[in-house]
Amino acid sequence: MRRDWDGLLPRTARLADESYLDFVTSFRARAVQQMYPMLEELGNAVVGREHPAGTAPGIAEIQRSLDALPLVRVWQRFMRSHQEMMWRRTRASIAAEADQWLAAMRDAEARGPGRLLYDPAFVVPDYARVEVHLQPGGYTDDPLGGPVFHYGTHVFYQGENAQDEQHVEMARKAAAPRDGAVRRVLDLACSIGQATVALKQRFPAAETWGIDVALPLLRYAHLRAAERGVDVNFQQALAEQMPFPDRHFDLVLSYILFHEIPWRITERVVPEVARVMRPGGTFCIYEFPNASGSLSPVAQFLIDYDSHDNCEPYSREFVRADFHGLLRDSGFDVAPGPKVANGFLQSIVATRR
Amino acid sequence: MKQAQAPLGAEIEGPGRRYFDDVVIDNLLEAMLELTAAVWTHRDRAMVLEQVLSRLLAESHGAPDIARLLEQHRPTAEEQEARRLERDALVSQVFRSFARRPAADSAPLGAGRRYQEPRPRAEQAS
C-alpha cells in the first residue's frame, strides 16, 4: 500500500527507507556544509603555499598537493559512499512498489491532461546511457528511473527542493522576451518536469512543452503534471534534433543540461535552440560555471572529483569550454541572468537576435 | 527500450572506489556510515512506535507506561526467529564493504589518487 505523498514528494515504501534516507540527507548536509568548507580553506592554503601567486596549477598538481591532507580522502570516501547508499536504498524502496508506480504512469498517459509523445523506435544515443550521479540505469534504462531520480535528488538537495522550490524559483525568475509575448514555452531536457509545470503556472496561456532523451523520466513527469491537472506536453526527443518548426518558441529554459552532455553535442544543441526560437525570444540557462580559470583550486578539484567519481563524464570539458562564445556565434546576445538560491550555478539570459 | 550496456546499478553494486592505500580504511569508514544509518533507522522507528502506541492506548488504557510494557515483553519462538533474521541482515548491511573490496586491488583508485607518482623505494622504506 502506497504511503501517499508529502505534497509533491512521494513517501518511501517503508518507514525504514525514509529513516535511512533521512540519515543520508543529514550526513550529506554535514559533508557539504561543514566538511567541504573546511577542505576548501585548508586545501586552497596548501595549494597556495606550493604554487606561488601568479602560477596556475593544473588539476594533477592540485591533486598532488591536496593528497597531503587526510581530510581529502576521508571526504572523497564519504561523498562516494553516501551517494551509493542513497541510490541503493531509493531504488529498493521504489522497486518495492514497482507495479503501482508503473500502473500509475500508464494511467496518467491514458487520461491526461497534457500529452506524452514518444516513438517506440526512438534510439537513445550511447552518450546519454550512463549512470549519471551513480543512479542505477541512469536516466534512460530503468523504467522506475523517474521516481527513483525524484527521491534521490530530494536527498541531493538536502530537502530544500521537496516542493520543487528551486525549479519554481528558476521559472519565476526566467526572463521573458522584452515584447512580453509568450505563446510557446519549452523546458529543454526537462527531466521529471519540475520546471515545466512551474513555467506553465507562470504563463498559463502558453503552450508548454518539456522534452528529454529519457522516457522513464518523462513518464513520471507526465504523471506528476497530470496528478496536479496541469496541461503540459512532454516528448521524448534529442535537444540536438528537435521536432519543432523554426522560430517556434518565445522562451526556452534549460537547467543543468550542458555539463551532462559531451561538448561536441552542445555544439549541435545551441544552434538547434537558436533555430526553434523566434527573434527576441529568450533562452534562460542555469548551468555549471564554465570558466575554470576563475575557480579556486579546490573548486577545480571538486568538479574533477564529481566528474570522475560521481559519474559526470562530460562536466570537465564543459567547465573548460567557451560556452558564451558558442551562444554568441549561434545567434544569441548573452547577458547575466537572475541570481538564484543555488549560487554555484551560472545564470545566463541569451536573447535570440 | 534498449538493454543497458552494463547491468542496472553497475556503478553502485560493483567494487566502487577506494581512496586509501589500505583498503581496510575505506571499508571501515563505509561500515561506520552504514552503522550510523542503521542506528538512526532503529531509533527513529522506536520513537514513531512509542508515539503511535501512546496515542492508541491513551484511548483505552489512560496514559500507559510504554517503556515498562516493552521491558516486560516476552517474545515467542517465531518472533525470536524473525528478529534473528533482521539482525543478520543488519550485520550484512553494515559490513558489506569488506566483502565488496576484500583486497587492495579490488577497486580502482578514486579521482584524488590518480596522478600520484610512485615513490622511489628508498623513500618508501623511510
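Any value given below was found using the heavy atoms of this structure, including those in side chains, with hydrogens, waters and symmetry copies removed.
- The neighbour count for B:E86 CD, taken as heavy atoms of other residues, nucleotides or ligands under 6.0 Å away, does not exceed 12.
- In terms of heavy-atom pairs under 4.5 Å with chain A, the best-connected choice from B:M32, B:R43, B:E30, B:R17 is B:R17.
- Of all heavy-atom pairs spanning B:A37 and A:M85, the tightest one is CB-CE, 3.9 Å.
- Distance alone, capped at 3.5 Å, places no donor-acceptor pair between the A:R77 side chain and the B:Y19 backbone.
- Using a 4.5 Å cut-off on side-chain heavy atoms (C-beta onward), A:R88 and B:Q93 make no contact.
- Contact of the B:L29 side chain with the A:R73 side chain is not registered, since no non-hydrogen atoms from C-beta on lie closer than 4.5 Å.
- In this structure, chain B has heavy atoms under 4.5 Å from both the backbone and the side chain of A:L134.
- Neither the backbone nor the side chain of B:V39 comes within less than 4.5 Å of any heavy atom of chain A.
- Within 6.0 Å of the CD atom in A:Q241, the count of heavy atoms belonging to other residues, nucleotides or ligands does not exceed 12.
- Of the atoms belonging to A:V24, not a single heavy atom falls under 4.5 Å from chain B.
- Other residues, nucleotides and ligands contribute at most 12 non-hydrogen atoms within 6.0 Å of the CD atom of A:E41.
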* Please walk me through it: do A:D22 and B:W40 pass side chain to side chain contact (heavy atoms under 4.5 Å, CB included)? -> CA-CA 9 Å; A:D22 281 351; B:W40 170 250; 4.3 Å; yes

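- When heavy atoms are compared at a cutoff of 4.5 Å, B:T36 approaches chain A by way of both its backbone and its side chain.
- Annotation for A:S81 and B:L33: closest pair CB-CD1, 3.5 Å, computed over non-hydrogen atoms.
- Of the listed residues A:P136, A:G138, A:S26, the one with more heavy-atom pairs under 4.5 angstrom with chain B than any other is A:P136.
- Annotation for B:D88: atom CG counts as buried by contact number, over 12 foreign heavy atoms lying within 6.0 Å.
- No donor-acceptor pair closer than 3.5 Å links the side chain of B:E11 to the backbone N or O of A:E131.
- Contact annotation for B:E13: only side-chain heavy atoms (C-beta onward) come within less than 4.5 Å of a heavy atom of chain A.
- Annotation for B:E79: atom CD counts as buried by contact number, over 12 foreign heavy atoms lying within 6.0 Å.
- Atom-to-atom distance recorded for A:Q135:CD and B:I12:CD1 is 9.5 Å, nearest 0.5 angstrom.
- Between the CZ atom of B:R18 and the CD atom of A:Q76 there is a distance of 12.5 Å, given to the nearest 0.5 Å.
- The CG atom of B:D44 lies 14.5 Å from the OH atom of A:Y20; values are rounded to the nearest 0.5 Å.
- Screening residues 70-89 of chain A for ring pair (Phe, Tyr, Trp, His ring centres under 6.0 Å), with sequence neighbours left out, gives A:F27-A:F78, A:Y36-A:W75, A:W75-A:Y305.
- Using a 4.0 Å cut-off between charged side-chain N and carboxylate O, A:E84 and B:R100 make a salt bridge.
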